[in-house]
Amino acid sequence: IFFFVLTFFPGQVLDAAESKVVPAVAPINEVGSDDLLKFEIFDNPDLTSLVRVPKQGGVSFPLVGDLPSFIGQTPQAIAADLKRRLEDGYLRHAQVTVTVIEYGPRSAVVMGSVVKPGRLDLPPTRPMTVLEAIGASGGFTEDANRTGAALIRDQADGQRLSEPLDLAALAANPALDRRMQPGDILVVPRLDRIIVIGQVVKPGSVPVANDTSMTVSKAIGLAGGFDRFARTGKVALVRPGEAVRTIDVAAVLAGDRDVEDPQLKPGDTVFVPESRF
């Protein structure tokens with residue numbers, strides 16, 4: 001017999017949500033980095049353990065060894081997987097309890113034409129939507145391009161995807177709103193400017209004149225150049241309605257004529273990621 005007990009803080013929602021961008025009505029029940037979990041196996045107190053979820057997700061558990069990454073999984077799924085592994089040659093009947101003892105920090109970034117751009121804490125036990133995140137960032141500025149925003153999200157395979165968002169349409173129909181997830185970057189461009197964010201000396205907006213040729217490398221230069229931890233060969237160009245393009249700006253600056261330095265348009269966002277080394 002298998003049963004599951006889960007301890008929640010007040011106000012937490014119980015159903016599981018998918019790891020992709022989902023409507024805001026989907027509740028939260030995923031484990032995140034730095035969450036503290038308690039594992040208990042009925043009638044086997046020696047297997048009771050407290051686990052702080054590492055950034056890579058998985059841990060080693062007595063008898064069964066390494067477990068896959070917990071991040072993005074529900075506690076129910078973690079318990080079911082552990083039950084299956086324990087009953088595969090170790091215990092005849094594994095009654096598993098997983099309890100969330102403490103939540104780690106969860107945050108996203110809202111950049112561009114909002115009153116208070118920057119890092120934003122996400123509540124661990126309830127959804128925060130895109131429009132709520134904008135509200136928590138002070139709301140739109142007058143020159144915000146509300147039809148050309150983008151939600152940037154890193155995928156499990158390391159790819160970075162950008163979903164175009166028409167914020168005016170979301171405001172008109174809240175049922176279409178999206179849920180923010182830890183690590184998301186929400187970009188609200190200006191109507192007449194380019195946004196440069198990430199590992200540059202002076203992140204922010206760059207004006208674009210109609211008679212000026214503005215490329216990715218020039219925009220980074222106007223933002224003060226790369227910061228010391230910039231991943232210069234993996235700069236992302238985010239343009240509403242198009243797939244994210246990756247630009248090797250290091251090669252451009254080194255004079256490699258075979259590498260494109262794309263022309264920018266008002267509303268574009270240039271994102272310089274942090275080096276992982």
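All residue numbers in this chain count up from 1 along the given sequence. Nothing here was measured: the structure is a model prediction, and the numbers come from that model.
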J.: Any sub-3.5 Å donor-acceptor pair from D258's side-chain atoms to D256's backbone N or O?
T.: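 Pair absent, no side-chain N/O of D258 close to backbone of D256.
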J.: Between L37 and V53, is the side-chain contact (heavy atoms from CB on, under 4.5 Å) condition met? List the steps.
T.: CA-CA 7 Å; L37 305 180; V53 179; 3.9 Å; yes
J.: Identify all side-chain donor-acceptor contacts of residues 239-248 below 3.5 Å with residues at least two apart in sequence or on another chain.
T.:
| from | atom 1 | to | atom 2 | distance (Å) |
| --- | --- | --- | --- | --- |
| R239 | NE | D268 | OD1 | 2.9 |
| R239 | NE | D268 | OD2 | 3.2 |
| R239 | NH2 | Q263 | O | 3.1 |
| R239 | NH2 | D268 | OD2 | 2.6 |
| R245 | NH2 | E260 | OE1 | 2.9 |
| R245 | NH2 | E260 | OE2 | 3.1 |
| D248 | OD1 | A250 | N | 3.4 |
| D248 | OD1 | A251 | N | 3.1 |

J.: Holding to salt bridge (Lys or Arg N to Asp or Glu O under 4.0 Å), I want the full list of residues that pass it with K38, two or more places apart in sequence or in another chain.
T.: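 For K38 the salt bridge (Lys or Arg N to Asp or Glu O under 4.0 Å) partners, ignoring immediate neighbours, are E40.
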J.: Could you report the tightest heavy-atom contact between E163 and R178, atom names first, then the distance?
T.: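 Closest approach of E163 to R178: OE2-NE, 3.2 Å.
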J.: Check the pair D184 / I152 against side-chain contact (heavy atoms from CB on, under 4.5 Å), numbers first and verdict last.
T.: CA-CA 6 Å; D184 282 353; I152 303 171; over 6 Å; no
J.: Tell me, with the steps shown, if I78 and V31 meet side-chain contact (heavy atoms from CB on, under 4.5 Å).
T.: CA-CA 9 Å; I78 296 170; V31 169; 3.7 Å; yes
J.: Residues two or more places apart in sequence or in another chain: which of them pass side chain to side chain donor-acceptor pair (under 3.5 Å) with D34?
T.: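 Here no residue qualifies.
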J.: So which heavy atom on Q181 is nearest to which on L122, and how close?
T.: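 Scanning both residues completely, I find the closest heavy atoms to be C-CD1, 3.6 Å.
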J.: Quick one: do F226 and V272 satisfy side-chain contact (heavy atoms from CB on, under 4.5 Å)? Show the steps, please.
T.: CA-CA 8 Å; F226 291 118; V272 181; 3.7 Å; yes
J.: How long is the span from the CD atom in E102 to the CG atom in L50, to the nearest 0.5 Å?
T.: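 One gets 10.5 Å once the value is rounded to the nearest 0.5 Å.
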J.: Nearest 0.5 Å please: distance from the CG atom of L82 over to the CD atom of E87.
T.: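 L82 CG to E87 CD: 10.0 Å, rounded to 0.5 Å.
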J.: Okay, side chain of S69, backbone of I71: is any donor-acceptor separation there less than 3.5 Å?
T.: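 Yes; judged by distance alone, with no hydrogens or angles, the pair exists.
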J.: For the CZ atom of F271 and the CZ atom of R231, what is their distance to the nearest 0.5 Å?
T.: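 With rounding to 0.5 Å, CZ (F271) is 10.5 Å from CZ (R231).
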J.: For a quick test of reading the model, state the closest non-hydrogen atom pair linking D177 to L170 and the distance between them.
T.: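 Closest approach of D177 to L170: OD1-CD1, 3.7 Å.
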J.: Not counting sequence neighbours, which residues clear side chain to side chain donor-acceptor pair (under 3.5 Å) with T215? List them please.
T.: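 Only S217, D261 meet the side chain to side chain donor-acceptor pair (under 3.5 Å) criterion with T215.
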J.: Would you list the pairs meeting salt bridge (charged side-chain N to carboxylate O under 4.0 Å, His left out) in which at least one residue belongs to residues 214-230, sequence neighbours left out?
T.: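 Qualifying pairs: none.
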J.: For S49, give me all partners under side chain to side chain donor-acceptor pair (under 3.5 Å), at least two apart in sequence or on another chain.
T.: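 For S49 there are no side chain to side chain donor-acceptor pair (under 3.5 Å) partners, ignoring immediate neighbours.
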J.: Only counting residues at least two apart or in another chain, list the ones meeting side-chain contact (heavy atoms from CB on, under 4.5 Å) with D88.
T.: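 Partners of D88 by the side-chain contact (heavy atoms from CB on, under 4.5 Å) criterion come out as none, since no residue qualifies.
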J.: Between R106, K55, R52, which is the residue that forms a salt bridge (charged side-chain N to carboxylate O under 4.0 Å, His left out) with D35?
T.: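 When salt bridge (charged side-chain N to carboxylate O under 4.0 Å, His left out) is applied between D35 and each of R106, K55, R52, only R106 qualifies.
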J.: Using the rule that Ile, Leu, Val, Met, Phe, Trp and Tyr join whenever any side-chain heavy atoms are under 4.5 Å apart, tell me whether L176 and M128 fall into a single cluster.
T.: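 Yes, L176 connects to M128 through the hydrophobic network.
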J.: Tell me the closest heavy-atom pair linking A219 and L264, and the distance in Å.
T.: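 Answer, listing the atom of A219 first, then L264: CB-CD1, 3.7 Å.
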J.: Who are the salt bridge (Lys or Arg N to Asp or Glu O under 4.0 Å) partners of R190, not counting sequence neighbours?
T.: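 In terms of salt bridge (Lys or Arg N to Asp or Glu O under 4.0 Å), with neighbours along the sequence ignored, R190 is linked to D143, D192.
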J.: Taking G148's backbone N and O only, do any of them form a donor-acceptor pair with N145's side chain (distance below 3.5 Å, no angle check)?
T.: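 Side chain of N145 to backbone of G148: a pair is present.
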J.: So which atom in T147 and which in A168 form the shortest heavy-atom distance, rounded to 0.1 Å?
T.: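 That would be CG2-CB, 4.4 Å.
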J.: Please name the pair of heavy atoms, one in I220 and one in V249, separated by the smallest distance, quoted to 0.1 Å.
T.: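 Minimum heavy-atom contact is CD1-CG2, 4.0 Å.
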J.: Linking Ile, Leu, Val, Met, Phe, Trp and Tyr by side-chain heavy atoms under 4.5 Å, what else ends up with V252?
T.: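 V259, listed by chain and number.
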J.: Hey, could you give me the CG/CD1 distance between L237 and I194, rounded to the nearest 0.5 Å?
T.: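 L237 atom CG to I194 atom CD1 measures 9.0 Å (nearest 0.5 Å).
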J.: In chain order, what residues pass the side chain to side chain donor-acceptor pair (under 3.5 Å) check against S107, with sequence neighbours excluded?
T.: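 Per chain and number, S107 pairs via side chain to side chain donor-acceptor pair (under 3.5 Å) with R119.
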J.: Taking ring pair (Phe, Tyr, Trp, His ring centres under 6.0 Å) as the definition, give me every residue that meets it alongside F61, ordered by chain and number, with sequence neighbours left out.
T.: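 Partners of F61 by the ring pair (Phe, Tyr, Trp, His ring centres under 6.0 Å) criterion, ordered by chain and then number, come out as F39.
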J.: Hey, could you give me each pair passing salt bridge (charged side-chain N to carboxylate O under 4.0 Å, His left out) that has a residue in residues 60-82? Not counting sequence neighbours.
T.: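 Non-adjacent pairs meeting salt bridge (charged side-chain N to carboxylate O under 4.0 Å, His left out): D81-R84, D81-R85.
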